[in-house]
Amino acid sequence: MNYLIGLAGPPCTVNITFADGDTRKTTTVKKENGTTELVALFSGQETVAGEVQIDPLPGKKVEHTGIKIELLGQIELYFDRGNFYDFTSLVRELDVPGEIKDRKTFGFEFSNVEMQYESYNGVNVRLRYILKVTISRSYAANIVKEKDFWVRNMSPPPEINNSIKMEVGIEDCLHIEFEYSKAKYHLKDVIVGKIYFLLVRIKIKHMELEIRRRESTGSGPNTYNESETLAKYEIMDGAPVRGESIPIRLFLSPYDLTPTYRNINNKFSVKYYINLVLVDEEERRYFKQQEITMLRLE
Amino acid sequence: MNEHSITATEEQEKWLADAQNVVKQQSFYMRKALDSSNLREALKYSAQMLVELRTSKLSPQKYYELYMQTFDELRHLEAFFQEESKRGRSNADLYELVQHAGNILPRLYLLITVGSVYIRSKEAPAKDILKDLVEMSRGVQHPIRGLFLRSYLSQISKDKLPDTGSDYEGEGGTIHDAVEFVLQNFTEMNKLWVRMQHQGSAKDKADREKREKERSELRDLVGKNLLVLSQLEGVDLELYKSTVLPRVLEQVVNCKDEIAQGYLMDCIIQVFPDEYHLQTLETLLAACPQLQPKVDIKSTMAGLMERLANYAAANSQVLSVFAEVEAFEKLSTAVATVVEAQVDMPLVSAVSLHVALLNFVLRCHADRLDYVDSVLGSCVKMLAGQGKIREAKSVKAIVALLSEPLAQYGDVVTVLQLGHYGQLMATLEFETNKVMAVLVIQSILKNGTRIGDCARVEALFQLLQELIRDGEDAPPVDQLDQEDFAEEQNLVARLLHVLVNDDPEEQFKILSAARKQFGLGGPRRLVFTLPPLVVESLKLVRRLQARGEVEEGGVTPKKVFQFLHQTVEALANVPAPELAFRLYLLCAEAASDCDLEPIAYEFFTQAFILYEEDIADSKAQVTALQLMTGTLQRTVVFGTENRDTLTHKATGYSAKLLKKPDQCRAVYNCSHLFWQDQEKGTRDGERVLLCLKRALRIANAAQQQANATRGSGGPVTLFVEILNKYLYHFDKGNQQVTTTVLQGLLELISTEVNSESAVQDPATEAFYASTLKHISFQKQKGGEAGDRYEAIKVQ
């Protein structure tokens, strides 16, 4: 049956629009096929309201057993692609069973929706929010229309933000002390710091900072870790001698970062690291990785 | 090796060309982007252009060429940033934007370029931006790349420092910020520059030399910072003293690198005003002993002293400041400290330091002999225990040290006040010491200096030791070049004549001192040195004679004669009989003039003894006898007895000469012994005639001898000569010489002349003719003489 219907195509078009669609902020989201799309931007506790407009095709009518709109928060793990886990699900009935011959518009509103997680497109996992309109039919397949929207949640400035300070080294070879002024950064922040060379017995060629993102999915023995290097930033050229201190100033704004996500609904985590890398003349790499917390500040 | 280096050069050329091409290409795109005001593209291409500066392959020189090319291109970018800022783009944004570049070197070049515009816009205080730039530049630790980057920073910021009176003062900061910035950049650049030395192997000589050459090519990049500091309006003496100099010196000392230390010390001295140096001498000099042993600190300090001296020469009013800040004392201490601290310093450098110091003193404090002496003293102290200095360059430096005061004062008397002069001279080995001594004498003679103080004379002799006696160091006298030796000794002899004092007491002391010194010189020298001493002593005698009476205990002619007696005796013992003989006679005559008969007699006696015992050569005898008769003739002091003894002896010797003509001449000369013109003189006409007759007899004998041996008579010269003697005495009014006697003699000669055996001799004939003419002339003259001559007939 579906097959026949499919051939005929749906008898109507469904359009979902937001009430403040003209004024609401949008953001660019990369889709799976590589294209980008502008989507509306929300944050937790906001009211999601708007209209659903149903236009039957000329000369057709839509018989249905009821129309509803859902607001879903879903997590999709790519090893289990197509299987969405809904962590939020709200429903509003739009119409009682009946028949639609002409354009019909339904208003909807989800007040102060709890959307504690941010939208996220990762390597192995995706977290998304959608509005989903379903026109249920008894003799034909349901007509479904989805609309993505994006959620970002601001966090308050951290109360404690200590510097990261550490002395590391290889015995009789290299001793350095590094200091990053903070452990927690907002997305447009600047990493400021210093590297002190306490002992240098290797011929260093250069030194760089990397910003790395580690995405963990699953849990227990089925945990998958995926790391990406988002930034490579050279901070020193040439070989320093004992006693030198090298300044660090890395602007985070050019990089596509998200806040740190810890154990989102027991499904995944996203963590950020600063990796300090020293490369010697034989291309050997010496590095030390430090986690930093990324925040989205108001 | 050669082939290898050519390849290396070619390789460099190629690398440079490649890099320059990339720069050209990228800058083309950059400019296109600038034309279309596309900031993002412009930044992209400029960064790609700057990436070429990351090369490690180029030598400093080639790198410089590449740097200059990008430098020019960056000016376009800077102009664009300027435009952007005018169009309303915030400089702060730009400043952040360029920092997104991933590679540090291009990023910093861009940052500095934006920084330049940012400062000029005054949207942020200059001091903050400068501080940020100089701090961020630490990221480049590669020596060459770091040096050029910082050089770029220095170049760009030069006209944007918050200097006193500049546009950027006030909000932009103060002079302290400006100084702090330049000092920091300087310090870091110097560190990078020094680090170059430690790259590569320290043992490979070629490698090291190459590195040092490369470093010297880059040194001006470092030095320019000091120039910038010196050009800051706000760096006044106070700031220089409290901050600039101490900080610069701290870096210089701490970098422990000889190339950097030498160069930077020179820089400091050259770029900052003399006035500042004068006021900070202590600090500046305190750094010198702390430098590495191999630093050519001598040149540096000499440079400083020369500058100060020039400064003093150009502004005479600053001399009081020199005294006030105790410039000399400080320099002098510094020299001593440096020499002491740098144990391995070559001797020549140490001495040269003293030369520099001396020059400084002579130019700034010429009136302070104590300073000059202290310099010499310090040098002597330093050389103590080194024995004679033989190393050629050091010797030269010591000679300079000794010659400078001579040249400056042109007056040995002044130099003689320098207590250490002689000690310093004594460090020179024989040959040089002698040269120096000659120089001293020449200076005295040239300037006509008179030295009339016994103490100075003794000091002078101390200087001239090597000339006056055989030193321990000297080769035996007979190995010396005789001509040089004679020349030197003649100089010493000449020297004696300027050692004069109007006070006879002092003069006698001087002579005694000279005698004592000369006495040490050995027979070879006495011959040269004693005669002038005798002459000077005789001069003294004459002065004493003129002075007349003396007080008790003072010097008397008698004393001087005793002194003379010893002196001539020493000469006789050399032996130098002829010389001693002459001098005895001189003394005798002087004694006679002083009316000291016994002394005169003694001198004659000594002379006669010498004649008898030591003058054997017949020619010398002839001369000696002439002298003797001459002297005796002038001597009137003797009583009859003494006189008889002496004249008897003299005539006796005359008759005993070997050759007849000599005998004849000596004898007719003796005739004068009996006819003295002086008032108290002997006038014994008879004995005169006796002598002349005897001479005539000898002349005859000579003639016969000639006839007998050669078959012809000799010329009649002797007869003519005797005739002249007769005429002399005739003129003098000797009654024994009568016209008859003269007539007889004339006839005799005439016969001889006309005899067949006579030998023609034009000189004798002329002599004879003149004699006859004289007679005729006297006749014609008339008067008393004419009357007397009347009786004489001439053919």
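Letters go in sequence order (proteins before strands), and every chain restarts at 1.
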_Minimum heavy-atom distance between Gly139(B) and Pro247(A), given as atom pair plus value_ = N-CD, 4.1 Å

*For residues Tyr95(B) and Arg249(A), report the shortest heavy-atom separation together with the two atoms involved.*
CE2-NH1, 4.4 Å

Evaluate whether atom [atom1] of [X] has more than 12 neighbouring non-hydrogen atoms of other residues, nucleotides or ligands under 6.0 angstrom away.
X: Lys194(A); atom1: NZ; answer: yes
X: Asp256(A); atom1: CG; answer: no
X: Tyr29(B); atom1: OH; answer: no
X: Lys182(A); atom1: NZ; answer: yes
X: Arg81(A); atom1: CZ; answer: yes
X: Phe71(B); atom1: CZ; answer: yes
X: Arg284(A); atom1: CZ; answer: yes
X: Phe79(A); atom1: CZ; answer: yes

*Hey, mind stepping through Asp237(A) and Gln141(B) against side-chain contact (heavy atoms from CB on, under 4.5 Å) and telling me if it holds?*
CA-CA 6 Å; Asp237(A) 169 28; Gln141(B) 293 286 322; over 6 Å; no

*asked:* Assess the residue pair Lys191(B) and Glu244(A) against the criterion (side-chain contact (heavy atoms from CB on, under 4.5 Å)); give the C-alpha distance rounded to whole Å, side-chain angles, the decisive distance to 0.1 Å, and a yes or no.
replied: CA-CA 10 Å; Lys191(B) 284 203 241 167; Glu244(A) 286 294 348; 4.2 Å; yes

*Is it the side chain or the backbone of Ser253(A) that comes within 4.5 Å of chain B heavy atoms, both, or neither?*
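Just its side chain gets close to chain B.
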
*Would you mind telling me which of Arg107(B), Arg54(B), His198(B), Glu188(B) has the largest number of heavy-atom pairs within less than 4.5 Å of chain A?*
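Highest number of pairs under 4.5 Å: Arg107(B).
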
*asked:* Are Tyr255(A) and His100(B) packed together at the side-chain level, in the sense that at least one heavy-atom pair is separated by less than 4.5 angstrom?
replied: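 Contact flag for Tyr255(A)/His100(B) side chains = no.
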
*asked:* Name the residue from Glu234(A), Glu208(A), His206(A), Met207(A) that meets the side chain to side chain contact (heavy atoms under 4.5 Å, CB included) definition with Ile104(B).
replied: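 When side chain to side chain contact (heavy atoms under 4.5 Å, CB included) is applied between Ile104(B) and each of Glu234(A), Glu208(A), His206(A), Met207(A), only Glu234(A) qualifies.
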
_Between Arg195(B) and Ala239(A) (side chain of the first, backbone of the second, donor and acceptor by atom type, cut-off under 3.5 Å), is there such a pair?_
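It does hold such a pair.
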
*Quick one: which of Ile235(A), Leu250(A), Ile246(A) has the most heavy-atom pairs under 4.5 Å with chain B, could you say?*
Ile235(A)

*asked:* As an exercise, state the distance from CD1 of Ile248(A) to CE of Met136(B), rounded to the nearest 0.5 Å.
replied: 9.0 Å

